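Predicted, not measured: the structure shown is a model, and the values here were computed from it. Position 1 is the first residue of the sequence; numbering continues from there.
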Amino acid sequence: MIPLALTLLAAAPAPVRAAAPAACDLLLTGGRVVDGTGAPWFRADVCVKGDRVDAIGQLTGRAAKRRIDASNLVIAPGFIDMLGQSEYNVLVDGRAASKITQGITTEITGEGGAIAPVNARMIAEGREAYEHYGVTPNWTTLAGYFKEFERRGSAINLGTFVGAGGVRNLVIGKENRPATAPELEAMQAAVAQAMDEGAFGVSTSLIYVPDAYASTEEIIALAKVAASRGGSYITHQRNEDDTIDTSLDEVFRIAREARIPAEIYHLKTAGEPNFGKMPHVLARIEAARAEGLDVSADQYPWTASSNGLDATLPLWVREGGADKLVARLADPATRARAREDFLKEHGDSWPNHASQILITSVINPALKKYEGQFIADIAKAEGKDPIDVIMDIVSADKGNTSRVTFSMSEDDVKAALRHPLVSLCTDSGAMAEDGIFSKEKSHPRAWGSAPRILGKYVRDEKVLTLEEAIRKMTSLPAARMHLRDRGLLRPGMLADLVAFDPDHVRERSTYADPNHYSEGIPYVAVNGTLVVDEGRITAARPGRALRGPGYRPAR
């Protein structure tokens with residue numbers, strides 16, 4: 001007689017072996033993983049399948065289509081640029097080369113003017129630039145822009161705000177006057193449409209035309225529309241130097257009355273009389289949060305700013321756009337008045353200020369000789385007054401000239417870098433060492449902001465830890481923008497990844513010689529696809545249009 005136990009054993013089905021995990025499309029092995037939370041790094045393998053992180057851990061024996069030895073590298077989430085300015089540049093050159101080579105995989109953009117909505121008049125106003133770069137808008141709405149973005153392809157992900165200045169220009173133009181009630185309603189409708197089409201919120205750039213003409217009440221009215229759809233308010237605030245406290249009051253008032261999260265672009269305390277004020281500014285942001293206002297900021301890690309040379313001129317000179325600006329500067333009496341007001345605005349600091357303004361790019365070929373030169377040096381060489389140099393260049397280039405201005409202290413930059421509420425921005429569009437963008441200079445922040453933080457401020461000067469620096473470039477901006485599937489390195493998240501050498505990562509771009517990619521970042525993946533592979537830019541364009549919390553897909 002066969003024992004019952006043996007009978008049962010014979011009848012039992014054979015044990016089922018667990019199926020082997022599917023092969024990774026990309027497997028980075030043995031790296032120091034910094035996951036974006038701010039937690040200490042740990043040693044692990046990272047498996048990517050499709051466009052997402054599949055597993056993180058000891059994955060010995062896991063099959064992989066592509067295996068990368070990351071034992072000497074740090075593996076982190078892709079860096080997020082809170083003010084990227086590449087919305088137009090990526091249509092011209094989809095590589096976004098200077099961004100991906102510094103580990104930036106996602107941009108949030110749309111400062112003040114933004115890429116949409118636009119109308120025929122606005123497109124005509126930008127004709128010189130569009131013809132120069134070879135891309136003229138074939139859209140009028142944000143939905144139309146995203147369609148073109150996706151058609152052309154991009155190496156980076158990109159989301160945008162709708163500009164309050166842009167909708168003011170759309171409805172009113174560039175005139176200095178209050179909006180009428182019907183005009184304000186039209187502007188609110190434009191913001192609502194852009195929010196429905198995927199804008200992350202409403203932005204302002206309050207030193208430029210026409211944003212500067214908006215009252216606080218007008219901004220609040222537009223911000224309320226964005227808030228009703230889950231959006232944020234983001235601002236180049238009205239003043240970053242002598243009256244920064246008054247400017248902060250306005251930011252906080254908008255956040256309070258519109259009941260909206262607020263973000264301050266490229267936080268700085270500009271001008272030598274304001275050096276050392278950054279701790280005070282940060283304390284004011286902390287106090288606003290203690291009050292219950294959801295306020296934060298971003299910065300680029302440099303002591304020089306960059307914008308249009310025309311922004312040096314009094315606001316009234318710029319009213320109405322480039323054609324009216326050029327006409328005013330051509331009239332001797334108006335030009336004399338502009339000079340007088342210029343000196344009143346800049347005060348005793350002006351003579352030194354002329355030696356702090358560096359011309360970086362022009363569109364008019366006849367002005368190319370000025371790129372890389374300071375205003376003071378041009379004036380000396382040509383025997384001109386520096387104010388005349390500015391007016392002549394602005395006029396000849398129809399307001400398209402870009403400049404770099406040295407206006408901040410290193411201690412203030414470091415104070416903001418240390419603060420847990422301040423994330424990364426470059427405030428620059430993507431550039432390249434070849435192609436049309438290589439024919440002009442730019443601010444080095446376009447090329448090496450993230451590597452500068454990781455090299456100079458983390459490794460060399462120990463201003464902040466590696467883990468905190470990466471948190472401020474990944475999960476912090478992702479949380480501020482409600483990017484729930486980016487900014488952290490964990491299974492299930494979209495596979496935006498950066499693998500860099502912590503001992504050698506650095507920027508190579510300088511003010512005098514900016515057009516150089518960063519080094520020490522051999523691998524960058526966007527949505528699971530390598531856009532930088534062994535330090536070389538690939539042909540892949542896996543970037544996606546990112547849409548904000550109010551997005552309503554068209555039916």
Side-chain angles (χ1 to χ4, degrees), residues 78-100 102 104-118 126 129 133 135 137 139 141-150 152 154-167 191 194-195 197-205 208 211 226 231-236 263-266 296-300 306-308 402 423-431 437 442-443 445-447 449-450 473 477-478 480-483 486-487 496 526 543-549 551:
F79 305 144
I80 299 173
D81 186 346
M82 281 291 284
L83 178 54
Q85 306 280 32
S86 293
E87 61 269 39
Y88 179 76
N89 293 39
V90 293
L91 304 183
V92 177
D93 184 347
R95 295 175 299 171
S98 71
K99 296 304 182 76
I100 58 174
Q102 59 177 300
I104 290 170
T105 58
T106 294
E107 281 194 8
I108 304 297
T109 187
E111 180 190 6
I115 197 71
V118 294
Y133 292 110
V135 177
W139 64 87
T141 65
L142 185 57
Y145 166 74
F146 280 144
K147 183 178 180 180
E148 184 67 6
F149 172 87
E150 291 167 340
R152 287 179 177 265
S154 167
I156 58 170
N157 307 304
L158 187 141
T160 186
F161 279 71
V162 57
V167 299
V191 170
M195 291 297 299
E197 292 174 347
F200 279 79
V202 67
S203 67
T204 56
S205 193
Y208 302 117
D211 300 53
S232 302
Y233 172 63
I234 193 163
T235 183
H236 178 151
E263 173 89 5
I264 299 171
Y265 279 137
H266 44 61
S296 59
D298 50 72
Q299 74 168 142
Y300 46 80
S306 181
N307 58 3
S402 295
S423 56
L424 168 73
C425 81
T426 66
D427 193 13
S428 292
M431 306 299 287
F437 291 125
S442 57
H443 193 301
R445 67 193 185 188
W447 302 80
S449 290
M473 296 192 289
R480 297 302 296 165
M481 294 295 101
H482 306 289
L483 300 175
R486 301 180 195 274
D496 293 344
V526 175
R544 296 175 183 172
L546 304 181
R547 294 171 173 87
Y551 175 55

So CZ of Arg544 and CD1 of Ile156: to nearest 0.5 Å the spacing works out to 14.5 Å
Walk me through it: do Thr109 and Glu87 pass the test side chain to side chain donor-acceptor pair (under 3.5 Å)? CA-CA 7 Å; Thr109 187; Glu87 61 269 39; 2.6 Å; yes
To the nearest 0.5 angstrom, please state how far the CD1 atom of Ile108 sits from the CD1 atom of Ile234. 8.5 Å
Test side chain to side chain contact (heavy atoms under 4.5 Å, CB included) applied to Trp447 and Ser442, step by step: CA-CA 9 Å; Trp447 302 80; Ser442 57; 2.9 Å; yes
Tell me the closest heavy-atom pair linking Ala155 and Ile100, and the distance in Å. CB-CG2, 4.1 Å
Nearest-0.5 Å distance that lies between atom CD in Gln85 and atom CE in Met431: 12.5 Å
Any chance you could measure Phe161, atom CZ, to Leu142, atom CG, to the nearest 0.5 Å? 12.0 Å
Please enumerate all residues that pass salt bridge (charged side-chain N to carboxylate O under 4.0 Å, His left out) together with Asp93, with sequence neighbours excluded. Arg95
Could you tell me whether the side chain of Glu148 and the main chain of Gly144 form a donor-acceptor pair under 3.5 Å? no
Residues that Arg486 engages under salt bridge (charged side-chain N to carboxylate O under 4.0 Å, His left out), provided they are two or more places apart: Asp496
Could you grab the distance from atom OH of Tyr265 to atom CE of Met82, nearest 0.5 Å is fine? 7.5 Å
Tell me if a side-chain donor or acceptor on Asp298 pairs with a main-chain N or O of His266 at a distance below 3.5 Å. yes
Could you list the residues that satisfy salt bridge (charged side-chain N to carboxylate O under 4.0 Å, His left out) with Arg445, not counting sequence neighbours? Asp427
For Ser86 and Glu107, which I'm curious about, is there any donor-acceptor pair between the side chains at under 3.5 Å? yes
Heavy atoms of Ser205 and Glu111 approach each other most closely as OG-OE2, 3.0 Å
Return the minimal non-hydrogen interatomic distance between Ser232 and Arg480, and the atom names on each side. OG-O, 4.2 Å
Are any of the side-chain heavy atoms of Val162 and Pro117 separated by less than 4.5 Å? yes
Has the side chain of Tyr300 got a donor or acceptor atom that lies under 3.5 Å from a matching backbone atom of Leu83? no
Determine whether a donor-acceptor pair (N or O, by modelled atom type, separation under 3.5 Å) exists between the side chain of Ser203 and the backbone of Gly110. yes
What residues, two or more places apart in sequence or in another chain, satisfy ring-ring contact (aromatic ring centres under 6.0 Å, His included) together with Tyr145? Trp139
What is the minimum heavy-atom distance between Gly487 and Ala478, and which atoms define it? CA-CB, 3.9 Å
Polar contact flag, side-chain donor to acceptor under 3.5 angstrom, Thr426-Asp81: yes
Restricting to side chain to side chain donor-acceptor pair (under 3.5 Å), what partner residues turn up for Ser306, sequence neighbours left out? none
Run the salt bridge (charged side-chain N to carboxylate O under 4.0 Å, His left out) test against Glu150 and tell me which residues pass, sequence neighbours left out. Arg547
Would Gln102 and Ser449 count as a side chain to side chain contact (heavy atoms under 4.5 Å, CB included) if you check the C-alpha gap in whole Å, the side-chain angles of each, and the deciding distance to 0.1 Å? CA-CA 7 Å; Gln102 59 177 300; Ser449 290; 3.8 Å; yes
How long is the gap from CZ on Phe200 to NE2 on His482, to the nearest 0.5 Å? 9.5 Å
Using the six-membered ring wherever Trp is involved, compare the ring planes of Tyr208 and His236 and label them parallel, tilted or perpendicular (cut-offs 30° and 60°). perpendicular
For Gly112 and Asp211, which heavy atoms make the closest approach, and how far apart are they? CA-OD2, 3.3 Å
Are the side chain of Asn89 and the backbone N or O of Ala430 linked by a donor-acceptor pair below 3.5 Å? yes
Here the pair of heavy atoms bringing Tyr551 nearest to Gly198 is CD1-N, 3.8 Å
